[in-house]
Structures are given as structure tokens and as C-alpha cells.
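Data block below; observations after.
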There are 2 protein chains.
Amino acid sequence: MTAHAQEPDELAYNVFAKACPSRCTLENVTGRWGGLTLGALSEGSLRFNELRRRVDGVSEKMLSQTLHALERDGLVHREAQPTNPPRVDYELTPLGREVAGRLLSLIECVEGAMDEVLASRERYDEARGAR
Amino acid sequence: MTAHAQEPDELAYNVFAKACPSRCTLENVTGRWGGLTLGALSEGSLRFNELRRRVDGVSEKMLSQTLHALERDGLVHREAQPTNPPRVDYELTPLGREVAGRLLSLIECVEGAMDEVLASRERYDEARGAR
DNA sequence: CTGTATCCGGAATGATACTG
DNA sequence: CAGTATCATTCCGGATACAG
């Protein structure tokens, strides 16, 4: 086996490389709030405070920050209506839907495997935590 | 299977809920190093330092920590051979392969969309950074 | 309602040294 | 080679106040 068989892809943007911008985008998507935000929006357009309630535990600051990052990357579209009081709707772009779909697939997989995960944890903790 | 499987309220382990253990596992999987580690291992079994080189930028400490978390959750199997010098191989469990597959789908999606993402960023920065 | 600005404590991370 | 231990630092994230 050759020593340079590590390539799963010959893409220009390789997340495994430290300085690659795709790593940054991946972190926006999979980060603590990014993933949950995309997941929430995959159900449909939501307003700021609706999102805040939907994503349990997120603060105004972090939600705002997350939304900006996702909007900047072209995954979320921000629709502001100049009414009073202001009304702002957030929705996924086509690209956002694509990404969110794959993310949800992952989330469902993890949720569905939790029984197994929890069992594994118990085994692990029993074997190591005993000391 | 219902067409709206992402409806979290139907599941016992709901990532959208703050205190749910699935959120914790999801963070191990999608966290800064967890995702890249799973991605690297999806190509096959790797040793500690091979992983370290593959996942560009990870420190010994973080890789060790990440591997422990993934092993605890039952996603990675650690195979230690009592030789000298020591040799330890890490590989995905069946569950790990399932999760890693979905994760790679997401990663490939993001990598493939980077041109679009970068273009969106330029537009965003031009419109906002100009101020 | 929809955010932004600021402060601050603690967790996450990295560098380094060290052990088996 | 395969880690662990320790320490310094960074930076994430929550609370709060405030603005449009």
C-alpha cells in the first residue's frame, strides 16, 4: 500500500487541511448552535424569537451571531420587513436545505442510536471509572 | 416511517432539548475534532500518530480526548497490542461507520459547495464590511 | 420585536514536559 | 509509539443594558 493513499477526494477544498475555508464553514454548520439552527429552519421559515424558543438554551447573542454566519455562507436567507414593530423571517436557501437535509440525517442517526450509545457509556465508565 | 421524521417531539432523545444526552453525543460527533476524526477513520484503521498527521492541527491532548469520547460513545474501537514499542489501532465500530457515513455526506456537500459559499461571503462582506 | 455592545467567568484548547 | 499532566491563554457564551 502506498503511503499517500489518504485522499478520499481530490477536492480543492479539503476539510482535513488546517487552513482550508471549508473547515470554517463546516464549523459554522456543525457548531454548537449552527446545526440546531439549521435543523429548526428545515421545518420552515421562522422569526428571531421563534427560533430562540425552538433552539432550547441559545442566547440572543449566540443566535444572532450564528444567523449572521449562516447568512454570510449563503445557507440562510434573511427577510426583513420594514414594519413597526419590525418583523424578520429567516429561511433556508436551496443550498441551506441541501446541507440541513444531510445534517438532519446525521441527527436522526444519532438520536436513534442513543440507546446503544448510552449502553456503551455505561460499559466504558464501569471499566474505567471503577478505578 | 412518517415523512416528518425530524419532528423532535416524537423522539425519546431530542437534540433540540437542552439537557438531552443526544445533544452531548451530537457534540462529540460534530465537534471541532470529533467529525474530522471520524472522517479520517472512515478510510480504515489508523494508529494514534497517523491520525494526528491526518487531522491537520489537532494536538496530542485533543486527539486523545476526542478518541476517548468517541470510544465511550461506542463509535470507535481501540485495539491495543502489548508490544514494544506499543501499537494501538483505532477503527470505527459498525455504529461509528453509520454515523461517519452520514457525516461524510455532509462534509462532501460542504466541500462541494465551497465555491458558492465563498461567493456568498464576498457579497455579504462587500455589502456590510463596506461601512 | 429585533437586534447590538459590553463585561466577565469558566470551559476549551494548545504548548510543553514527562511517563511507560 | 502512545499517551498523560500541567499550565497559560484564548475565546466561547451568558447576563445585562441599551438602541432602532
Side-chain angles (χ1 to χ4, degrees), chain A residues 3 17-19 23-24 26-37 40-41 45-72 76-91 124 127-129 131, chain B residues 16 18-19 23-37 40-41 45-72 76-91 124-125 127-131:
Chain A
K18 182 158 53 173
R23 182 121 131 199
C24 171
L26 186 66
E27 280 168 16
N28 289 337
V29 169
T30 62
R32 179 144 181 217
W33 303 117
L36 295 174
T37 301
L41 285 175
S45 166
L46 288 174
R47 301 174 62 177
F48 188 83
N49 279 327
E50 286 174 337
L51 266 172
R52 201 149 127 55
R53 283 186 293 272
R54 187 81 180 81
V55 180
D56 193 20
V58 70
S59 65
E60 288 184 359
K61 177 185 169 183
M62 293 317 297
L63 181 57
S64 175
Q65 213 170 93
T66 299
L67 252 11
H68 277 305
L70 295 176
E71 186 194 357
R72 187 167 104 102
V76 163
H77 175 69
R78 181 176 184 276
E79 185 85 29
Q81 291 169 42
T83 58
N84 192 325
R87 177 193 177 97
V88 181
D89 289 274
Y90 291 92
E91 64 183 340
Y124 184 94
R128 306 202 116 225
R131 303 189 250 129
Chain B
F16 288 95
K18 184 158 53 174
R23 183 121 132 198
C24 172
T25 294
L26 186 67
E27 278 168 19
N28 289 338
V29 169
T30 62
R32 180 143 181 219
W33 303 117
L36 296 174
T37 302
L41 286 175
S45 167
L46 288 174
R47 301 173 61 177
F48 189 83
N49 280 325
E50 287 173 338
L51 266 173
R52 200 151 128 53
R53 282 186 293 272
R54 186 79 180 84
V55 181
D56 193 19
V58 71
S59 66
E60 288 182 359
K61 177 184 169 183
M62 291 317 297
L63 180 57
S64 175
Q65 209 169 98
T66 299
L67 285 170
H68 278 305
L70 294 176
E71 187 194 356
R72 187 168 104 102
V76 162
H77 176 68
R78 180 177 184 278
E79 185 86 28
Q81 292 168 41
T83 59
N84 191 326
R87 177 191 178 98
V88 180
D89 289 273
Y90 291 92
E91 63 183 341
Y124 185 94
D125 291 344
R128 309 200 116 226
R131 299 190 256 127

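Any value given below was found using the heavy atoms of this structure, including those in side chains, with hydrogens, waters and symmetry copies removed.
One finds a side-chain N or O of Asn49(A) lying less than 4.0 angstrom from the OP1 or OP2 phosphate oxygen of dT2(C). Between Arg47(B) and dA2(D), a side-chain N or O to OP1/OP2 separation shorter than 4.0 Å is present. Distances shorter than 4.0 Å separate none of the side-chain N or O atoms of Tyr90(B) from OP1 or OP2 on dC1(D).
In this structure, the CZ atom of Arg23(B) is 11 Å from the P atom of dG13(D), given to the nearest Å. Nucleotide dG14(D) holds its C1' atom 14 Å from the CG atom of Asp56(A), rounded to whole Å. Atom P of nucleotide dC1(D) and atom CZ of Arg78(B) are separated by 16 Å, given to the nearest angstrom. Straight-line distance from the CZ atom of Arg87(B) to the C1' atom of dG20(C): 19 Å, rounded to whole Å. Between Glu79(B) atom CD and dA2(D) atom C1' there is a gap of 15 Å when expressed in whole angstrom units. Atom P of nucleotide dG3(D) and atom CG of Leu46(B) are separated by 13 Å, given to the nearest angstrom. Between the P atom of dG13(D) and the CD atom of Glu27(A) lies a distance of 11 Å, rounded to the nearest Å. Atom pair Arg52(B):CZ and dG14(C):P shows a separation of 11 Å (rounding to whole Å applied).
Considering only the side chain of Val88(A), dT2(C) comes nearest among dG13(D), dC1(D), dT2(C). Comparing dT6(C), dT6(D), dC1(C) against the side chain of Lys61(B) picks out dT6(D) as the nearest. Comparing atom distances between the Pro86(B) side chain and each of dG3(D), dG14(D), dC1(D) picks out dC1(D) as nearest. Ranking dA17(C), dC1(C), dC7(C) by closeness to the Glu60(B) side chain, first place goes to dA17(C). Considering only the side chain of Arg32(A), dG14(D) comes nearest among dG3(C), dG14(D), dC1(C).
Taken residue by residue, residues 62-71 of chain A places heavy atoms nearer than 4.0 Å to DNA chain D at Met62(A).
The aromatic rings of His68(B) and Tyr124(A) lie perpendicular to each other, with more than 60° between the two planes, well past the 30° mark.
Closest approach of Asn28(A) to Leu70(A), counting heavy atoms only: O-CD2, 3.9 Å. Between Ser45(B) and Glu91(B), the shortest heavy-atom contact is CB-CB, 4.0 Å. Between Ala40(B) and Arg54(B) the shortest heavy-atom distance is CB-CG, 3.7 Å. The two residues Leu63(A) and Phe48(A) make their nearest non-hydrogen contact at CD2-O, 3.6 Å.
Atom CZ in Arg23(B) sits 11.0 Å away from atom OG1 in Thr30(B) (nearest 0.5 Å).
By the 4.5 Å heavy-atom criterion applied to side chains, Val76(B) and Tyr90(B) are counted as neighbours.
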